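This chain uses plain numbering: 1 for the first residue, then up along the sequence. Numbering of ligands and ligand atoms starts at 1, following listing order. For the numbers below, each heavy atom of this structure counts, side chains included, while hydrogens, waters and symmetry mates do not. Keep in mind it's a predicted model, so treat the numbers as computed, not measured.
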Amino acid sequence: MTAVPTIRGLDNPPIRRREVIDWVAEVAELTTPDQVVWCDGSQDEWDRLTKELVAAGTYTQLDPDKKPNSFYAASDPDDVARVEERTFICSVNEADAGVTNNWMDPAEMKAVMTELYRGCMAGRTMYVIPFCMGPVNAEHPKLGVEISDSAYVVTSMHIMTRMGPEVQKRLDEGDTEWVPALHSVGAPLEPGQQDVKWPCNDTKYISHFPDTREIWSFGSGYGGNALLGKKCYSLRIASAMARDEGWLAEHMLILKLISPEEKAYYIAAAFPSACGKTNLAMLQPTIPGWRAETVGDDIAWMRFGADGRLYAVNPEFGFFGVAPGTNWKTNPNAMRTIEHGNALFTNVALTDDGDVWWEGLEGDPEHLTAWTGDDWTPGTAKPAAHPNSRYTVPISQCPVVAPEWDDPQGVPISAILFGGRRKTTIPLVTESFDWQHGTFMGATMSSEMTAAAKGGKGQVRRDPMAMLPFLGYNVGDYFQHWVDVGKSADATKLPSIFYVNWFRRGEDNRFLWPGFGENSRVLKWIIERLEGKAAATETPIGHVPSADQIDVEGLSEPMEDIEASLHFDADEWREELPLIEEWFAKIGEKLPTSMRDELEALKQRLDAS
Ligand code: GTP
Ligand code: SPV
Ligand code: MN
């Protein structure tokens, strides 16, 4: 304890929880920051940190008349997305990480990272950020404490998580579980050394210790690599908790749909990163009489309620949404949420009059500052905004947020959607035969890779339940967990499972289905299936509607396109089978027999067709 008292602020904790105080002292001793700041989530803290970040050149304040209390940051050009190849699940047993995860022995990883952390906060401030994922008044609140040397992270955590006195109080109660989450950008400063706008390190580790429920992140300041409450806690660590405790932590939006008869239905949907969750979560239905409200846009925690139904909670407090493609036509509710202000924008472009712009947004700017800092004019080849540029904004500002979004009980789910980005093969919508078949749909889903992660853009890969990059344990065990969850429930109360694809393409590469608000037509069919009112055609892959079985009234697209989007093509599916076999072979012996059985049954139905 000799060096510790010399670090300013360390001896002044506003919380009393002993393990937290000891852990903070231990980290401070290792990382040697100039000072420790205990964060409280207050407006004063936001004002002070945003001001400091503007002075440091990290943030640019936007014109308050256009976007009140909003800021813009451009990251280092090499720190723009999640880094999957640097993400590790350090379970004690290698088999528990499974074939889809990078693994390192926890002791070995901790030894490597301890050396990286040694002195890594020199010249910087170490922030201690107590936070809660999901409502603080939950029976078992999911608490965490992130230590970070990035003020950008602190301000982002203000928006994305619950912070403040209530969280500190729950932490101090002493019996609630909390997850320590250590983050450093990995860029110590020599005395007198000038800082850069976006400090980070070429060496990156995003490490998870599911057995001890700990997170260690080093080298990146961006999104899911650095805001550790999000993917690291609420999916990777939470999925391991959920496996042990019999619930589900999923990469899903939660949407409330209200029918013309004023009946409310809740739907959860898993699509891979940058495949349409936020857009569907804020859907503005195009069909008369239907309304939609938002509960969550990225993560759902689902557990059975006393009535035997599956209830979903959104653990997040804000949106971290993909900017490009967002506009008044595709997602007016996201635009209204942003207009309110209190937003952070990362790697979009800056207009000359203090506003933001990105590809797909309305307006024809003559000149911009691109995310790279370069001048941009309409002839410039490179995009003005990075394809994974994002807005960070409180969910409470969303004009269609459901009043129950913050309810610790969650909302009862009637339907679960799985969906990917596929040019071919997968019809617009398919209803599964039952839970196990629906689990098979999720287990075999695939998608073209996007800019949300570094590398591989456009390649088709299997992304089970959209969880490939977010699973904290073995994928085979995960499938078994899904099957078991179904078996543990009253089948009549389980959500129905559907497979959707908004992204099927025609010959000239055009989208066959208009998407966005028009997806309400698919949701209407799904609800009417639940109500036993809508017709469908039975195919080897499940129940698929034909164009005259969904509401297409008023669509301007050619009917051939709509029909093609819905088409079940046996030949395309025969080409899909070896890809599924290859994927199942990769999983190996952990693959549940029930999933093998489903594949065999699919083959037989295809053979018979
Ligand atoms: P993450 O935040 O990375 O998890 O992404 P997300 O799943 O929330 O994706 P998001 O809704 O932000 O959409 C990503 C991209 O897909 C955006 O460029 C959207 O414009 C586009 N997109 C969303 N929905 C549709 C749709 O129905 N049809 C088409 N063609 N594109 C869509
Ligand atoms: C995703 O990639 O699925 C995101 C963004 O939601 S991040 O927080 O970076 O994971
Ligand atoms: Mn996501």
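- Here the NZ-CD distance, from K423 to E448, works out to 4.0 Å after rounding to the nearest 0.5 Å.
- Below 30°, between 30° and 60°, or above 60°: for F71 and W46 the angle between ring planes is above 60°, a perpendicular geometry.
- Rounded to the nearest 0.5 Å, atoms CZ (R390) and OH (Y222) are 6.0 Å apart.
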Exercise answer: donor-acceptor pairs, residues 451-468 side-chain atoms, under 3.5 Å, sequence neighbours excluded:
{"unit_1": "R461", "atom_1": "NH1", "unit_2": "E84", "atom_2": "OE1", "d": "2.9"}
{"unit_1": "R461", "atom_1": "NH2", "unit_2": "E84", "atom_2": "OE1", "d": "3.4"}
{"unit_1": "R461", "atom_1": "NH2", "unit_2": "E84", "atom_2": "OE2", "d": "3.4"}
{"unit_1": "R462", "atom_1": "NH1", "unit_2": "T444", "atom_2": "O", "d": "2.8"}
{"unit_1": "R462", "atom_1": "NH1", "unit_2": "E576", "atom_2": "OE2", "d": "3.0"}
{"unit_1": "R462", "atom_1": "NH2", "unit_2": "E576", "atom_2": "OE2", "d": "2.9"}
{"unit_1": "D463", "atom_1": "OD1", "unit_2": "M467", "atom_2": "N", "d": "3.2"}
{"unit_1": "D463", "atom_1": "OD1", "unit_2": "L468", "atom_2": "N", "d": "2.9"}

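- Comment: D406 engages R162 in a salt bridge, judged by a side-chain N to carboxylate O separation of less than 4.0 angstrom.
- In this structure, the ring of F317 has its center less than 6.0 angstrom from the ring center of W405.
- For ligand 2, residues of the protein lying within 4.0 angstrom by heavy-atom distance are R82, G223, G224, K230, K231, H251, S273, D298, F320, R390, A452, F470.
- The six-membered or imidazole ring of W216 lies away from that of Y205, with a centre-to-centre distance of 6.0 Å or more.
- Relative to the ring axis of F511, R504 does not place its NZ or CZ within 45° and under 6.0 Å from the centre.
- At a heavy-atom cutoff of 4.0 Å, ligand 1 is surrounded by H251, P272, S273, A274, C275, G276, K277, T278, N279, D298, F320, V322, P324, G325, R390, R421, W502, F503, F511, G515, F516, N519.
- Across all their heavy atoms, R82 and G224 have their closest contact at CG-CA, 4.2 Å.
- Ring geometry for W583 against F479 counts as perpendicular: the plane angle is over 60°, on a 0 to 90° scale with 30° as the lower cut.
- Counting only protein N, O or S atoms closer than 2.8 Å to the Mn ion (ligand 3) gives 3.
- Ring geometry for W357 versus W376: interplanar angle of 30 to 60°, hence tilted.
- Under a cutoff of 6.0 Å and an axis angle of 45°, R236 and F470 do not form a cation-pi pair.
- E339 and K67 are joined by a salt bridge, as a carboxylate oxygen and a charged side-chain nitrogen come within less than 4.0 angstrom of each other.
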